[in-house]
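Structure, as structure tokens:
Below, chain A is the first sequence line, B the second, and so on; all start at residue 1. Worth saying up front: this structure is predicted, and the values here are computed from it rather than measured.
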Amino acid sequence: MHVYIEDIGKYEGKDVVIKGWLYNKRSSGKIHFILVRDGTGIIQAVVTKGEVEDEIFDGAGKITQESSLILKGTVRKDERAPGGYEIVANDLQTFQIAQDYPITPKEHSIEFLLPLRHLWLRSRKQNAILRIRHELIKACRDFFDDRGFINTDTPILTPASVEGTTTLFPVDYYGEKVYLAQSGQLYNEATIGALGKVYCFGPTFRAEKSKTRRHLTEFWMLEPEVAFLELDGVIQLAEDMTVSIVERILENRRKELEVLGRDIQKLENIRKPFPRITYKEAVEIIKTKEKDFRYGDDFGAPHETIISENFDCPVFVHHYPTGLKAFYMKRDPDDDTLSLSVDMIGPEGVGELIGGGQREDDCDVLLKRVRENKLPEDAYQWYLDLRKYGTCPHSGFGLGIERMIAWVCGIKHVRETIPFPRMLERVYP
RNA sequence: UCCUCGGUAGCUCAAUGGUAGAGCAUCCGGCUGUUAACCGGAGGGUUGCAGGUUCGAGUCCUGCCCGAGGAGCCA
């Protein structure tokens with residue numbers, strides 16, 4: 001019976017079939033130890049001379065790294081085996097012998113691995129990251145689904161930029177210039193009018209020439225939006241979601257975190273409530289380390305790190321000056337220079353994980369902002385309509401999935417958190 | 001675009017201006033419990049490219065190319 005390695009404990013003493021690839025092998029002449037992986041795990045098979053036909057024994061000694069194979073044998077509990085179980089092989093057939101697999105079981109440089117990403121994904125660490133990615137995305141979806149949110153995905157081909165400021169990838173659309181989406185938020189503001197609370201989850205594209213460990217040109221963003229929700233409520237939502245994600249990973253993907261060498265205690269310390277500070281308070285924190293920083297300056301990566309160093313949990317920074325935030329952010333009724341905006345800055349120097357806030361809901365004010373920002377008024381007609389026909393206070397945020405994964409996994413660079421990273425001047429494979 | 005670091009065997013790295021080397025991988029041989037197994041042997045090089053200095057350049061100088069890290073930029 002064909003079984004998967006992750007389930008092997010259920011088959012102790014039973015005859016099973018494993019289909020997979022050779023991860024590594026060792027031999028003592030009359031006994032081969034074959035490490036087989038099948039995507040769900042790695043298990044050691046023992047092939048002993050005299051206990052299998054000579055042809056099979058000799059064949060086992062000749063299998064090369066990453067050759068595809070079908071293994072038959074009996075599951076046995078054995079402390080000497082990595083993982084605690086091993087397969088006592090009675091048959092081993094190769095589907096194909098792989099020649100000169102480039103990634104040997106040793107340290108490699110990032111320059112070497114990135115062009116081999118299609119093969120690098122097979123390694124234990126990358127496998128663990130992708131499993132956590134899957135779990136994290138599922139945790140996000142479940143969180144919102146359980147709260148009655150409707151998943152309404154937004155278009156990827158869009159007629160204009162959300163803000164008109166960021167650099168977008170142009171696409172030829174039957175002779176017309178359109179752009180790859182940089183956010184689904186404006187469309188979310190439309191769908192909440194239909195469904196109340198929604199989220200979209202999909203790829204977003206930024207053509208900025210950012211060359212840092214926090215940036216990809218193509219990344220995935222999860223964006224919830226809720227009608228009749230104000231700033232405090234959206235902060236609460238982001239906090240609940242973050243706690244829910246961390247709990248879920250700790251519950252279901254502890255093994256993967258261990259493979260990655262993650263300091264699990266740091267994740268177990270994540271508890272509500274997260275600190276909430278104003279932009280002004282954040283500036284005071286930065287000034288203790290960097291005297292030249294001025295009120296009104298935007299936070300760069302080093303500033304976010306300074307802020308996060310003061311807390312064990314993610315920290316919410318809210319009420320940024322209007323100049324630092326997008327045109328659609330609602331202004332603070334008590335102070336017109338401030339926006340009802342919030343960023344969630346992750347711990348351990350991971351940087352901004354979430355950005356969001358309360359949206360401008362007054363049609364006249366929004367139109368004024370569109371004009372101030374010299375945005376094409378025609379293109380925003382539908383967006384203004386949303387304020388003409390039953391406007392309401394509403395809020396939402398965007399979560400950069402790759403940054404969240406990087407934080408949870410404890411890895412420095414977001415390029416390892418997505419199967420095939422798209423970066424400045426790197427689109428292969 | 002700017003700053004810093006780097007480019008030597010398939011990979012990871014070494015080599016006072018003086019015969020280019022090791023470990024891993026590969027191939028051959030040995031080993032009945034290995035844990036990135038181990039032991040012995042073999043093959044493997046346009047030292048990123050182009051100039052220059054020198055009796056002699058992987059090493060020093062100039063220019064260029066490529067990569068990495070970071071900054072800027074950036075919902």
Exercise for the section: Find the partner of G33(B): check Watson-Crick (N1-N3 plus N6-O4 or O6-N4) and G-U wobble (N1-O2, O6-N3) distances, both under 3.5 Å, and reply none if neither fits. Expected result: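 Across any shown strand, G33(B) pairs with none.
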| query | Which base sits across from A42(B) as a Watson-Crick or G-U pair, both distances under 3.5 Å? | reply |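 Matched A42(B) with U26(B) under the 3.5 Å cut-off.
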Going by heavy atoms closer than 4.0 Å, what residues in residues 209-219 of chain A are next to RNA chain B?
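Lys209(A), Ser210(A), Lys211(A), Thr212(A), Arg213(A), Arg214(A), His215(A) - these, ordered by number, are the residues of the stretch whose heavy atoms sit under 4.0 Å from the strand.
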Side-chain N or O of [X] versus OP1/OP2 of [N]: is the shortest distance under 4.0 Å?
X: Lys106(A); N: C24(B); value: no
X: His413(A); N: G69(B); value: yes
X: Ser28(A); N: G33(B); value: no
X: Arg124(A); N: A36(B); value: no

Under 4.0 angstrom, heavy atoms only, what part of the nucleic acid is [X] near: base, sugar-phosphate, or nothing?
X: Gly355(A); answer: nothing
X: Glu86(A); answer: base
X: Asp78(A); answer: base
X: Ser109(A); answer: sugar-phosphate

query = Which is it for Glu360(A) and Arg331(A) under the salt bridge (Lys or Arg N to Asp or Glu O under 4.0 Å) test, yes or no, and what are the steps along the way?
reply = CA-CA 7 Å; Glu360(A) 181 52 65; Arg331(A) 298 199 175 179; over 6 Å; no
Problem set entry | Under 3.5 Å donor-acceptor, Thr417(A) side chain and His413(A) backbone | no
